[in-house]
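Here is how names work: the chains are called A, B, and so on, in the same order as the sequence lines, proteins then strands, and each is numbered from 1. The model shown is predicted, which means the values in this text are computed figures rather than measured ones.
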There are 2 protein chains.
Amino acid sequence: MAEGQSQNASSGQALLYLTDEQLRQGIEAMFFAYRGFTADPDRILEGMSYGRAHHRAIHFIHCAPGTTVNNLLAILGVTKQSLNRVLRTLIEDGLVTSHVGRSDKRERHLTLTEAGEALEQQLSDAQRARMRDAYRKAGPEAVAGFKTVLESMMDDDMKRAYVTLREGR
Amino acid sequence: MAEGQSQNASSGQALLYLTDEQLRQGIEAMFFAYRGFTADPDRILEGMSYGRAHHRAIHFIHCAPGTTVNNLLAILGVTKQSLNRVLRTLIEDGLVTSHVGRSDKRERHLTLTEAGEALEQQLSDAQRARMRDAYRKAGPEAVAGFKTVLESMMDDDMKRAYVTLREGR
DNA sequence: CTTGGAATGTCAACAAGACTGACGTATTTT
DNA sequence: AAAATACGTCAGTCTTGTTGACATTCCAAG
């Protein structure tokens, strides 16, 4: 509360970008941009009885083929029961395969089938197209700043997951 | 599909930041960052029988006091039935007031009560605190880039709403 | 070797929050 | 007077999150 305007009052002018008003703009930008970010895949998914949750599962299984349910759980940040429902439909529909682990038979290793990869491509293409347009319009320096801010905005656990994913490639 | 790697193949090196891999990273950064972005308000709301939907309504009523239901509908991008459920509880609980319009009596003008403003402050402070940390760590140039990319990522309608809100202040 | 606890995953039931469709009412516009 | 607009509401559905209970598997301590 009292913390609010103390930023620019205390430090002259170099920190003008930290005013409450600037922060509020950032918050709203985040809100509106996220809507755009998910709009295209949502449109594709609607009508095929899948939703955003399916998209997320497909995305990360694609990135880490053979990953376990537990692994996916940590990345997605939902309960295993919630993930399971999504996974079940994907497996039933032949988009994902689930193999019992060799060393640890409790684990299930998840992989996309050909059909799964095809859908992943379709969704990914749509989402990347928007991203690419945004990146191109903004230019490389803006993109660098964009990523820097997003990374500082993550929870530490999420940042770890994010970095781990990047390193794995 | 075939469009994928054509970016860097076609244009030498200046467009390396537009590779599929770079875009994929951006997508994941967006996903993880948005989780962090909503985490703090979500934590506050949980247990008070409110959710993210209430937060959004409160946020925009605070920013545009006296706004109408229709206005809010356009900004939030949900159906009136959905918004109504949220609004009803907020009004019942004395956080929002609804006044019949003076010039057009069909309209309802929405305003936060003192209690509503108090909750808005609490939520806003939490969200801004994270935003401020992220901004401070990233620095002013990164923040500028961040906003540029987010704005290019919005749907045109959303961008219009976003800009309009900014101008109104 | 057995047994109890921890880890992994599945099934069932429920809640929040989004959606559609239909309808009622008051008010404004044509 | 009729049509359109703004708002509220009821009923029903869907997605996606939750908790609770349970089966299977693994591992380690007795």
Open item on the list: Below the 4.0 Å mark, does dT9(D) have OP1 or OP2 next to a side-chain nitrogen or oxygen of Arg88(B)?
Closed with: yes

Task: Presence of Asn84(A) side-chain N/O under 4.0 Å of dT10(C) phosphate oxygens OP1/OP2 - done: yes

TODO: Find the distance Leu73(A):CG to dT19(D):P and express it as a whole number of Å.
DONE: 12 Å

Task: salt bridge (Lys or Arg N to Asp or Glu O under 4.0 Å) between Arg128(B) and Glu120(B), worked out - done: CA-CA 12 Å; Arg128(B) 276 200 303 264; Glu120(B) 200 283 332; 5.6 Å; no

Open item on the list: I need the CG-P distance between Asp42(B) and dA15(C), as an integer number of Å.
Closed with: 20 Å

Open item on the list: What is the separation between atom CG on Leu87(A) and atom P on dG17(D), rounded to the nearest whole Å?
Closed with: 13 Å

- [ ] Tell me what Gly77(A) touches on the nucleic acid: a base, only sugar-phosphate, or nothing, going by heavy atoms under 4.0 Å.
- [x] nothing

TODO: Quickly work out the Glu107(A) CD to dA6(C) P distance and round it to whole Å.
DONE: 19 Å

- [ ] First locate atom CZ of Arg132(B), then atom CG of Leu18(A), and finally report the distance between them rounded to the nearest 0.5 Å.
- [x] 7.0 Å

Open item on the list: Can you tell me if Arg85(A) touches the phosphate of dC14(C), counting only side-chain N or O atoms and a distance under 4.0 Å to OP1 or OP2?
Closed with: no

Open item on the list: Any side-chain N or O of Thr79(B) below 4.0 angstrom from OP1/OP2 of dC19(C)?
Closed with: yes

- [ ] State the CZ-CE distance between Phe32(A) and Met153(B), to the nearest 0.5 angstrom.
- [x] 14.5 Å

Task: Tyr17(A) and Tyr135(B) aromatic ring geometry - parallel, tilted or perpendicular at 30°/60° bounds - done: parallel

TODO: Kindly say whether, by distance alone, the side chain of Gln81(B) makes a donor-acceptor pair under 3.5 Å with the base of dG8(D)?
DONE: no

- [ ] Compare side-chain N and O positions of Ser82(B) against OP1 and OP2 of dG17(C) and report whether any pair is under 4.0 Å apart.
- [x] no

- [ ] Verify the contact: side-chain N or O of Asn70(A) to OP1 or OP2 of dA7(C), cut-off strictly under 4.0 Å; return yes or no.
- [x] no

Open item on the list: Go nucleotide by nucleotide along DNA chain C from the 5' end; which of Ile91(A) and Tyr50(B) gets its closest nucleotide reached first?
Closed with: Ile91(A)

Open item on the list: OP1 or OP2 of dT16(D) versus the side-chain N and O atoms of His54(A): is any pair under 4.0 Å?
Closed with: yes

TODO: In whole angstrom, give the distance that lies between atom CG of Leu90(A) and atom C1' of dT16(D).
DONE: 13 Å

Task: Residue Val78(A), side-chain heavy atoms: nucleotide from dG9(C), dC7(D), dT18(D) that is nearest - done: dT18(D)

TODO: Would you give a per-nucleotide map of nucleotides 23-30 of chain C, 5' to 3', where B means the base has a protein non-hydrogen atom under 4.0 Å away, S means only the sugar-phosphate does, and - means neither?
DONE: ---BBS--

Task: Straight-line distance of Arg35(B) CZ to Met158(A) CE, nearest 0.5 Å - done: 4.5 Å

- [ ] Indicate, with a heavy-atom threshold strictly under 4.0 Å, whether His109(B) touches base, sugar-phosphate, or nothing.
- [x] nothing

Task: Given DNA chain D, 5'-ward residue of the pair Ala53(A) and Val69(B), judged by closest heavy atom - done: Val69(B)

Open item on the list: Suppose we call two aromatic rings close when their centres sit under 6.0 Å apart. Are Tyr34(B) and Phe31(A) close by that rule?
Closed with: no

- [ ] Figure out the CE/P separation between Met48(B) and dA16(C), and round it to whole Å.
- [x] 15 Å

TODO: Tell me yes or no: between the side chains of Glu28(B) and His59(A), is some donor less than 3.5 Å from an acceptor?
DONE: yes

Task: The single option from Ile58(A), Leu95(A), Ile44(A), Leu123(A) passing side chain to side chain contact (heavy atoms under 4.5 Å, CB included) against Tyr50(A) - done: Leu95(A)

Task: Integer-rounded Å distance: dG17(C) C1' and Leu45(B) CG - done: 13 Å

Task: Rounded interatomic separation in angstrom, taking CD from Glu92(A) and C1' from dC11(C) - done: 13 Å

